[in-house]
Amino acid sequence: MRYAADPHDLLRWYDAHARALPWRVSPADRAAGVHPDPYRVWLSEVMLQQTTVAAVKAYFERFTTLWPTVGDLAAAPDAQVMGEWAGLGYYARARNLLKCARVVAEDHGGTFPDTHAGLMALPGIGPYTAAAIAAIAFDRPEVVVDGNVERVMARLHDIHTPLPKAKPELTEAAAHLTPETRPGDYAQAVMDLGATICTPKSPACGICPWMAPCAARRAGTAADLPRKTPKKPKPTRLGYAYVARRSDGAWLLEERPDSGLLGGMLGWPGSDWNNAPDPAPPLSADWHMIDAEARHTFTHFHLRLRILVAEVPNDTPPERGAFHPHHSFRPAHLPTVMRKVFDLAQGALADTI
DNA sequence: CATCCGTGGGC
DNA sequence: TGCCCAAGGAT
């Protein structure tokens, strides 16, 4: 390479262009001796796993308003936390979030471990998140490797090996650059670079603080890196959902099993989405299949949900699930596919009155 | 090591 | 419209 990339060039850029984020201590405040709250760093890092900053902001504000400390979160009811997480996706994160909060509150006196190994031992914290918390909250010189770092390193060194095979050499490149001074700011600087300049598509190489040492910039390959192994096509699955509304306005819902898709979340009773025909209804009623079906795409398959609706009297005992009173039911506490079903079912029920 | 696990926005 | 993508972790 013509020049070696200098972490201090990136830190200088970060001092001038750092994004202001709700969970972040600005580089100026950090230099003045302000330390981040490990609880807020941890919460933001878990929310940001495979999730955009734009989507996380409102959830982060809501969670920290409801639960200002890890002890507050640890004491929260499971159902409330799952409901507040609804819409953010990857619901195992919410279940592990609560487990982690309770371990920290009960076994660590409400104080987060300050080492990579200590953090790794907690539920929902893997290699990346442990390194990010150790660096950002405790200023440890950990090698933080996320999607941004992989992209930036692949371009700096013009590495054409496809992910995930390229992971070791990208990690080695990242380790070589991680500075002993300001490791927390450095970790956040690489993420800001990846989010605002070294973006996946049409990177803004002309204004990049690492333009000079970037091999992909010289080779003209930046926009094509990192390479990735092609992914499988998604199959389409078919399922059925039953939406029952009681005369008093209560809705029949079911808590899904703790593991698997949408684990621990509320949903409408129905089939297992394996293309099986009409399953047994959750209660005996005059069911109507509505015209519209809910369409939703998950990580690894497309789903088409056929929707059956029914109005039932107040004394109807369900065979599956439980009725949720009208006043306490919040569609926003449903995972998105279930909220889509609700919107369609509610429209159909309104038309029949 | 491959698979499973959500969602909303951008193009 | 369909596909790609985003601060990964658990199994």
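Not measured: the values here are computed from a predicted model. A, B, ... follow the sequence lines: proteins, then strands. Residue 1 opens every chain.
Distances were taken from every side-chain heavy atom of A/Asn96 (C-beta onward) to each of C/dA10, C/dG8, C/dC4; the shortest belongs to C/dA10. Considering only side-chain atoms of A/Thr129, the nucleotide from B/dG6, C/dG8, C/dC5 that sits closest is C/dG8. Closest to the A/Arg339 side chain, of the nucleotides C/dG8, B/dG8, C/dA6, is B/dG8. Here the nucleotide nearest the side chain of A/Pro200, chosen from C/dC5, C/dG9, B/dG6, is C/dC5. Distances were taken from every side-chain heavy atom of A/Lys201 (C-beta onward) to each of C/dG9, B/dG6, B/dG10; the shortest belongs to B/dG10. Looking at the side chain of A/Tyr90, the nearest of the listed nucleotides C/dA6, B/dC5, C/dC5 is B/dC5.
Side-chain contact check for A/Arg304 versus A/Thr236: some heavy-atom pair is nearer than 4.5 Å. Counting heavy atoms from C-beta outward, A/Arg30 and A/Asp139 have side chains that approach closer than 4.5 Å.
Listed for the A/Ser271 side chain is a donor-acceptor partner under 3.5 Å among the backbone atoms of A/Tyr240.
For C/dT11 and B/dG6, the P atoms lie 14 Å apart once the distance is rounded to whole Å.
Residue A/Phe301 contributes atom CZ, which lies 10 Å from atom C1' of B/dC5 at whole-angstrom precision. Atom CE of A/Met265 is separated from atom P of B/dC5 by 15 Å (rounded to the nearest Å). Per the geometry, CG belonging to A/Leu261 stands 18 Å off P belonging to C/dA10, to the nearest Å. If you measure from atom NZ of A/Lys232 to atom C1' of B/dC4, you get 11 Å, rounded to the nearest angstrom. Residue A/Leu225 contributes atom CG, which lies 13 Å from atom P of C/dC5 at whole-angstrom precision. In this structure, the CD atom of A/Gln50 is 12 Å from the C1' atom of B/dC4, given to the nearest Å. Distance, A/Tyr59 OH to B/dG6 P: 13 Å, rounded to whole Å. Summarising the geometry, the separation between CH2 on A/Trp42 and C1' on C/dG8 is reported as 16 Å, rounded to the nearest angstrom.
Among the heavy atoms of the strands lying under 4.0 Å from A/Val53 is at least one base atom, whether or not backbone atoms are also near. If you check every strand for non-hydrogen atoms under 4.0 Å, A/Trp85 touches nothing. Residue contacts for A/Leu88: at a heavy-atom cut-off of 4.0 Å it reaches a base atom on one of the strands shown. Counting any heavy atom pair closer than 4.0 Å across all strands shown, A/Lys234 reaches no nucleic acid atom. Using a 4.0 Å heavy-atom distance criterion, A/Gly87 is classed as a sugar-phosphate-only contact. Counting non-hydrogen atoms under 4.0 angstrom, A/Pro127 reaches the backbone sugars and phosphates but no base.
Donor-acceptor pairing under 3.5 Å, judged by distance alone, is absent between the side chain of A/Thr336 and the base of B/dG6.
Between A/His300 and the phosphate of B/dC4, there is no side-chain N or O to OP1/OP2 separation shorter than 4.0 Å. One finds no side-chain N or O of A/Lys231 lying less than 4.0 angstrom from the OP1 or OP2 phosphate oxygen of B/dC4. Considering only side-chain N and O atoms, A/Arg151 lies nowhere under 4.0 angstrom from the phosphate OP1 or OP2 of C/dC5. Contact annotation: A/His296 reaches the phosphate of B/dT7 (side-chain N/O to OP1 or OP2, under 4.0 Å).
Alongside A/Met211, the hydrophobic cluster contains no other residue (criterion: ILVMFWY side chains under 4.5 Å).
When the nearest nucleotides of DNA chain C are assigned to A/Leu21 and A/Pro123 by heavy-atom distance, the more 5′-ward of the two goes with A/Leu21. Annotation: of the two residues near DNA chain C, A/Arg19 and A/His302, the 5′-most nearest-nucleotide partner is A/His302.
More than 12 non-hydrogen atoms from other residues, nucleotides or ligands lie less than 6.0 angstrom from NE2 of A/His160.
Aromatic ring centres of A/His296 and A/Phe298 lie closer together than 6.0 Å.
Contact between A/Ile125 and A/Ala130 at its shortest, heavy atoms only, is CG2-N, 3.5 Å.
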